[in-house]
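Because only heavy atoms are used, hydrogens play no part in the values below, and waters and symmetry mates are left out as well, while side chains stay in. Because the structure is predicted, anything quoted here is derived from the model rather than measured. Counting from 1, the numbers follow the sequence of the chain as shown.
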Amino acid sequence: MADMSLYPPNPDNVPEDLAAPSSQYKAQTFMVLFALLLFFLLYFGLMFFCVGFALWAIFLCPWERGPWPIIKLISLVLIGPFGILFVYLVKNLFKFERAQKEFLIEIFEDEHPKLFEFIHQVCDDVGAPSPVHVYVDYNVNAAAKLETASILSLFLPSGRSLIIGLGLINCINLPEFKSNLGHGFGHFSQKAMKVGHYVATAFNIINHVVYGEDWFDRFIIGWSRLDPLIAWPAYIIRGILWCLRKIISLLLYVVFFFYQAMSRQMEFNADLVAVGLAGSDARAHCWYRMEFGMMCFHQAIEDLRAAMDHHLYTSDLFYHQSTAARFLRAKKKDPNLGEPPPLPDDPNETTQVFQDDNDKLAELWEGHPSCYDREQNAKSLYIRTNFDERSPWLLFDNVEELRERVTYKFYRFYFKIPKDVILADPEEVQGFIDDEHADRTYDPRYQGLYDNRNLVLKNITEMAKDGSKQPWSISELGNTHATLYNAEVKHRSQLYYKRIVELNFLTAVQNGWHKPKDGELEFRGEIYEPDDAKRLLKKVDKELEKDHKWLEEHDRQVFMTYFQMALHINQEVAEELYRRYDFHLELQNIWFELQKQNRPVQAAITFLNSQQSGQMQSHHFQELLNIFRDAHKTMRSMLKSSQELTLPALKNLPVGQPLRPFLLEKSLVDGLSKHEQRISERWIMRLLDQFNEMKAKVDRIHFKSLAGILALQEKIGNECARRWASLPSVKPVAR
């Protein structure tokens with residue numbers, strides 16, 4: 001039995017039939033089995049037909065009398081195409097993708113006895129077999145899975161494994177971990193999980209039949225391009241394969257639809273198993289913390305990417321996931337971000353953690369129900385959770401060593417770092433990250449004016465010349481400086497960002513990306529029809545045009561004020577401020593040009609991912625070629641421009657160095673000719689990686705540059721205030 005000091009007690013008075021399969025669950029399982037039966041009957045039926053036809057043609061088809069000699073001859077000739085079809089069908093049964101174990105790290109009971117005792121106790125409480133293997137990885141999740149070694153596993157008993165993501169361990173407590181394991185082992189105890197294994201195998205076969213292209217397909221295509229006297233059997237094979245793919249792809253949708261519905265019922269059922277182990281609240285709180293934990297994980301990866309550019313590699317990925325929570329809470333100005341609402345004092349009452357998004361149609365095609373529906377299911381019979389806020393890390397031994405092993409493998413697997421790289425203490429790397437974050441978090445005195453936007457300035461050289469020719473008085477500068485970031489600026493900036501949110505929302509409604517609840521579009525306290533989104537979007541656009549004019553005027557006033565104040569200090573300070581603005585505006589131009597290419601590039605990638613084969617119509621290929629050539633041309637042009645830009649003094653970057661090496665570490669991939677007939681997947685991936693690298697690094701330097709401008713302006717303002725404070729005040733003469 002597990003160490004009871006670490007094993008949260010099970011709730012009292014849990015009904016024995018709490019997790020009994022519902023009639024809907026049983027019906028969905030039957031429909032999936034029926035669809036799978038149709039698929040396998042068709043598939044194996046074709047295989048037996050090919051064998052049967054060959055045997056009939058060789059041994060049973062007569063030679064004598066009437067047309068039979070001709071039929072015999074044709075049949076013998078057709079043995080070749082049908083034999084090839086048989087080989088094609090058989091090879092797909094044994095063609096499996098490489099297992100995920102490339103990353104997974106297996107752990108053993110003698111290494112982590114408390115964890116395994118905990119796992120065994122959960123299995124005993126659920127009535128499920130203990131996992132054959134236990135793995136850990138970096139994910140913010142935990143999952144149960146069947147071992148799928150070969151086609152024989154469809155008919156022979158298959159072991160079950162547990163995968164524990166250390167990113168999940170890092171953000172939940174013991175009852176929530178128990179609930180998560182209960183959910184996973186609830187799947188272990190479901191007979192429908194074996195059905196899911198059948199479906200996964202069927203999907204694997206269908207994927208190779210319908211979408212896959214390998215040596216066999218290339219051989220048939222090449223054969224069909226030869227002289228017709230030689231290639232006619234290939235025509236027959238290609239025709240048969242085309243029909244086969246169309247029929248099987250139709251079956252794919254049937255199986256997929258019913259399986260998705262069954263998967264939802266499996267999730268509901270496994271959730272109720274978890275409720276019986278840890279209560280209703282633990283499930284909802286676990287999902288909520290997982291969402292925030294994923295946000296923190298992605299933020300940590302983004303931060304560590306920047307550190308990698310400076311050859312800093314942490315020894316503990318999960319340390320930075322934890323510290324990212326503080327940064328995100330500060331950024332969102334919400335100290336309770338990611339924390340579920342506290343439970344009421346009455347043990348019979350609960351809280352609502354998730355809201356209904358009302359997107360029922362989309363849910364039909366998802367394997368997991370929405371968190372709202374899962375919470376409703378978990379609380380249909382409410383069982384209060386007695387929370388224990390201790391971390392599941394207490395269940396692991398040699399925690400520091402395990403976290404370093406997973407971190408090192410994460411670096412090696414995803415970032416391809418050298419084997420002999422030296423991992424630094426996480427505190428040292430976090431110091432670098434904190435400096436980076438400081439450049440992204442602006443002083444509250446700016447009223448949010450500079451959050452996530454570009455400066456709107458034109459003809460900065462002319463502005464500087466005018467400022468030098470017509471200096472402002474100290475009195476005028478003092479008055480202007482005092483009102484640069486007043487309450488009016490706060491109000492206008494809040495309106496601007498609110499309209500940006502409205503613009504994105506209305507755009508999503510207009511394009512069908514978001515379906516308003518109950519068909520009612522709520523906008524500024526009024527209810528509209530979804531079709532009104534286009535008209536409302538025009539209204540917001542006009543308001544944003546006015547906002548941009550105001551921002552341009554305000555940015556101009558800020559520059560002129562501080563430039564004039566710098567002139568009162570000395571010419572050198574004024575020139576430094578001008579150079580920083582000039583660098584920043586050139587950097588903004590690079591950012592803007594890359595952003596113009598981002599949408600078509602993403603659309604091209606989405607289109608390619610939707611393709612069912614490597615063949616496409618010529619006009620589609622030409623459009624893709626133009627998109628990638630334009631993106632490459634822009635990248636090359638921006639890299640050339642960056643060679644002439646010199647870095648100002650910025651945190652964690654060397655002053656006076658050309659910008660170019662910091663935008664792209666390696667040489668830009670070679671471009672494509674307008675006469676290209678083929679674009680390799682490897683080339684697309686290289687271009688996409690470099691495009692994303694440039695965008696991310698321009699973003700990073702953009703934040704730093706703006707922070708540097710604001711810091712210099714604060715320094716100028718403080719210096720002028722110090723100097724002018726000693727000046728005698730001038731009072732008007734009394735009359």
Quiz item: What is the ring orientation for Tyr138 with Phe297, classed by angle as parallel under 30°, tilted 30 to 60°, or perpendicular over 60°?
Solution: parallel

Quiz item: Less than 4.0 Å between a side-chain N and a carboxylate O, is that true for Glu545 and Arg499?
Solution: no

Quiz prompt | Separation between CZ of Phe628 and CD1 of Ile684, rounded to the nearest 0.5 Å | solution = 4.5 Å

Quiz item: Do Lys515 and Pro530 touch side chain to side chain, with heavy atoms closer than 4.5 Å?
Solution: no

Practice problem: Run the salt-bridge test on Arg305 and Glu693 with the 4.0 Å N-O cut-off and return the result as yes or no. | Solution: no

Quiz item: Within a reach of under 6.0 Å around NZ of Lys490, are more than 12 heavy atoms found that belong to other residues, nucleotides or ligands?
Solution: no

Exercise. Answer yes or no: are there more than 12 heavy-atom neighbours, outside Gln602 itself, under 6.0 Å from its atom CD?
Key: yes

Quiz item: Taking side chain as C-beta onward, heavy atoms only, is Phe354 less than 4.5 Å from Asp373?
Solution: no

Practice problem: Kindly check if the number of other-residue, nucleotide or ligand heavy atoms within 6.0 Å of CD (Glu681) is above 12? | Solution: no

Practice problem: Check Pro392 against Phe177 and note the closest heavy-atom contact, atom names and distance. | Solution: CG-CB, 3.6 Å

Exercise. Report yes or no: does His702 contribute a side-chain atom to a donor-acceptor pair with the main-chain N or O of Val698 at less than 3.5 Å?
Key: no

Quiz prompt | Contact summary for Thr351 and Pro342, nearest pair of heavy atoms | solution = CG2-O, 3.2 Å

Self-check item: Validation row: Leu181, Val126 side chains within 4.5 angstrom (heavy atoms)
Solution: no

Exercise. Determine whether Met295 and Glu291 make a side-chain contact, defined as any pair of heavy atoms from C-beta on separated by less than 4.5 Å.
Key: no

Self-check item: Residues, nucleotides or ligands: over 12 heavy atoms within 6.0 Å of Tyr382 OH
Solution: yes

Self-check item: Rounded distance [0.5 Å steps], CG in Leu544 versus CH2 in Trp550
Solution: 13.0 Å

Self-check item: Flag if over 12 foreign heavy atoms under 6.0 Å of CZ, Arg599
Solution: no

Exercise. Keeping the roles fixed (side chain from Tyr43, backbone from Leu38), state whether a donor-acceptor pair exists under 3.5 Å.
Key: no

Practice problem: Indicate yes or no for a side-chain donor-acceptor contact from Gln321 to the backbone of Thr323 under 3.5 Å, with no hydrogens or angles considered. | Solution: no

Quiz prompt | Salt-bridge contact Arg374-Glu267 (side-chain N to carboxylate O under 4.0 Å) | solution = yes

Quiz item: Roughly how far apart are Asn139 CG and Leu166 CG, rounded to 0.5 Å?
Solution: 9.5 Å

Quiz item: So with a 6.0 Å cut-off around CG of Asn141, is the heavy-atom count from everything else above 12?
Solution: yes

Exercise. Please say which of Asp271, Val353, Asn180, Ile172 ends up in a side chain to side chain contact (heavy atoms under 4.5 Å, CB included) with Trp287.
Key: Asp271

Quiz item: Under 3.5 Å, is there a donor-acceptor pair linking the side chains of Asn454 and Trp591?
Solution: no

Quiz item: Is the CZ atom of Phe34 crowded by more than 12 outside heavy atoms at less than 6.0 Å?
Solution: no

Quiz item: Is a salt bridge present between Lys549 and Glu553, judged by a nitrogen-to-oxygen distance below 4.0 Å?
Solution: no

Self-check item: Spatial distance of atom CG (Leu521) from atom CD (Gln510) [nearest 0.5 Å]
Solution: 11.0 Å

Quiz item: Looking just at side-chain N and O atoms, do Asn173 and His285 make a donor-acceptor pair shorter than 3.5 Å?
Solution: no

Quiz item: What pairs with Phe523 under side-chain contact (heavy atoms from CB on, under 4.5 Å), at least two apart in sequence or on another chain?
Solution: Glu502, Leu506, Tyr528, Leu536, Val540

Quiz item: Do we see a donor-acceptor contact under 3.5 Å between the side chains of Glu593 and Gln588?
Solution: no

Self-check item: Heavy-atom closest contact (Leu272 atom, Asn377 atom, distance)
Solution: CD2-O, 3.6 Å

Quiz prompt | From Leu457 atom CG to Leu455 atom CG, the distance as rounded to the nearest 0.5 Å | solution = 5.5 Å

Quiz item: Under 3.5 Å, is there a donor-acceptor pair linking the side chains of Lys379 and Ser280?
Solution: no

Practice problem: Would you check if the distance from the ring center of Tyr446 to the ring center of Tyr450 is below 6.0 Å? | Solution: yes

Quiz prompt | Minimum side-chain heavy-atom gap Pro340-Arg289 below 4.5 Å | solution = yes

Quiz item: So, do Asp630 and Pro600 sit near enough that their side-chain heavy atoms are less than 4.5 Å apart?
Solution: no

Quiz item: Side chains of Gln494 and Gln447: closer than 4.5 Å at any heavy-atom pair?
Solution: no

Practice problem: Taking only Lys NZ, Arg NE, NH1 and NH2, and the carboxylate oxygens of Asp or Glu, determine whether Asp555 and Arg453 approach each other closer than 4.0 Å. | Solution: yes

Self-check item: Derivation and outcome, ring-ring contact (aromatic ring centres under 6.0 Å, His included), residues Tyr496 and His548
Solution: CA-CA 9 Å; Tyr496 168 71; His548 281 114; 5.8 Å; yes

Exercise. Please say whether more than 12 non-hydrogen atoms of neighbouring residues, nucleotides or ligands are located less than 6.0 Å from CZ in Phe607.
Key: yes

Quiz item: In terms of the angle between their ring planes, are Phe327 and His437 parallel, tilted or perpendicular, with boundaries placed at 30° and 60°?
Solution: parallel

